[in-house]
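Sequence positions, counted from 1, serve as the residue numbers for this chain. Computed from heavy atoms alone, side chains included, the values below leave out hydrogens, waters and symmetry copies.
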Amino acid sequence: MHFLLSYDTADRVCDIVKIIKQETAYHLWQKYSSVLSRQYWKKKNILVRWLFCL
């Protein structure tokens, strides 16, 4: 997956990636919590394992 982003140069890339990962994880857990909780034992850190951006 690739993203093309426009951002303020005062923002750090690592902070932008952190926000993207947090928001994506939150929305995935909202939509697929029953499936994800069986796989990840109710730990909501699925994106830490497979999402690398930039």
Side-chain angles (χ1 to χ4, degrees):
M1 183 181 305
H2 294 225
F3 290 97
L4 180 59
L5 301 173
S6 174
Y7 63 94
D8 187 4
T9 56
D11 296 331
R12 298 184 313 172
V13 173
C14 61
D15 291 336
I16 295 168
V17 171
K18 178 181 167 186
I19 292 168
I20 291 169
K21 289 172 68 173
Q22 288 172 340
E23 291 294 320
T24 306
Y26 175 79
H27 290 290
L28 285 173
W29 277 95
Q30 291 295 314
K31 190 168 185 175
Y32 303 108
S33 62
S34 62
V35 175
L36 293 174
S37 63
R38 287 190 305 246
Q39 179 68 30
Y40 293 97
W41 304 282
K42 299 185 182 183
K43 290 183 182 177
K44 297 182 179 182
N45 63 356
I46 182 175
L47 294 181
V48 172
R49 295 186 179 129
W50 60 268
L51 180 62
F52 295 95
C53 296
L54 305 173

Inset, instruction - Decide whether Tyr7 and Ile19 are clustered together by the hydrophobic rule: side chain heavy atoms of Ile, Leu, Val, Met, Phe, Trp, Tyr closer than 4.5 Å, transitively. - result: no

Taking distance alone, no hydrogens or angles, what donor-acceptor pairs closer than 3.5 Å link side-chain atoms of residues 10-18 to residues at least two apart or in another chain?
unit_1, atom_1, unit_2, atom_2, d
Arg12, NE, Asp15, OD2, 3.1
Arg12, NH2, Asp15, OD1, 3.2

Inset, instruction - Side-chain contact test, heavy atoms from C-beta onward, threshold under 4.5 Å: evaluate it for Tyr26 versus Gln22 and give yes or no. - result: no

